[in-house]
Amino acid sequence: MSKVAQQNSTPGISVIHTQAHASGLQQVPQLVPAGPGGGGKAAPPSKQSKKSSPMDRNSDEYRQRRERNNMAVKKSRLKSKQKAQDTLQRVNQLKEENERLEAKIKLLTKELSVLKDLFLEHAHNLADNVQPGGTENTTTPDNAGQ
């Protein structure tokens, strides 16, 4: 009393659903290849040809391939070396800039501290010079020596 249904949701793969009506249970769908080839990808032609026929090390084609490969490796190494040098140069520039900025921060912090102290001293002097009208006991620096 089981029912089997096939659905093609993906090319090359069939999904088979099995249901048992008597027990009310349902099985998990299974993926099976649709064709006899297994449904896998074929290897690229360049890789197949390299595996199928080994090259003669004395042939001109082999020497040309090796020469091109050697030039590509050399070019890649030079490019990598240049990139590392550029990165190192940039790191050094950023370090120098960071040191200059930190020195500027210290200088500006000192300047701010001096200006803040001057401002507070000036504000304190203004507060001392302004006397409230209701207090007669306070002495001013002019009257203190008399």
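The first residue of the sequence shown is numbered 1, and numbering continues consecutively from there.
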Asp60: salt bridge (charged side-chain N to carboxylate O under 4.0 Å, His left out) partners, not counting sequence neighbours: Arg63
Partner of Asn69 under side-chain contact (heavy atoms from CB on, under 4.5 Å), chosen from Arg66, Glu67, Met71: Arg66
Worked check of side chain to side chain contact (heavy atoms under 4.5 Å, CB included) between Lys110 and Val114: CA-CA 6 Å; Lys110 286 181 183 178; Val114 168; 5.6 Å; no
Salt bridge Glu61-Arg65, side-chain N to carboxylate O under 4.0 Å: yes
Chi angles and distances behind the side chain to side chain contact (heavy atoms under 4.5 Å, CB included) call for Leu108, Glu111: CA-CA 5 Å; Leu108 290 173; Glu111 188 177 335; 4.1 Å; yes
No-hydrogen, no-angle side-chain donor-acceptor test under 3.5 Å, Gln82 and Asp86: yes
CG on Leu120 to CG on Leu115, rounded to 0.5 Å: 11.0 Å
From Leu126 atom CG to Glu121 atom CD, the distance as rounded to the nearest 0.5 Å: 11.0 Å
Heavy-atom side-chain proximity of Asn98 to Lys95 below 4.5 angstrom: no
Gln93 and Gln89: CA distance, side-chain angles, deciding distance, side chain to side chain contact (heavy atoms under 4.5 Å, CB included) verdict: CA-CA 6 Å; Gln93 286 175 347; Gln89 183 180 1; 4.0 Å; yes
Interatomic spacing from CZ in Arg100 to NZ in Lys104 - rounded to 0.5 Å: 10.5 Å
Sidechain-backbone polar pair: Ser113 side chain, Thr109 backbone, donor-acceptor under 3.5 Å: no
Under 3.5 Å: donor-acceptor pair, side chain of Ser80, backbone of Ser76: no
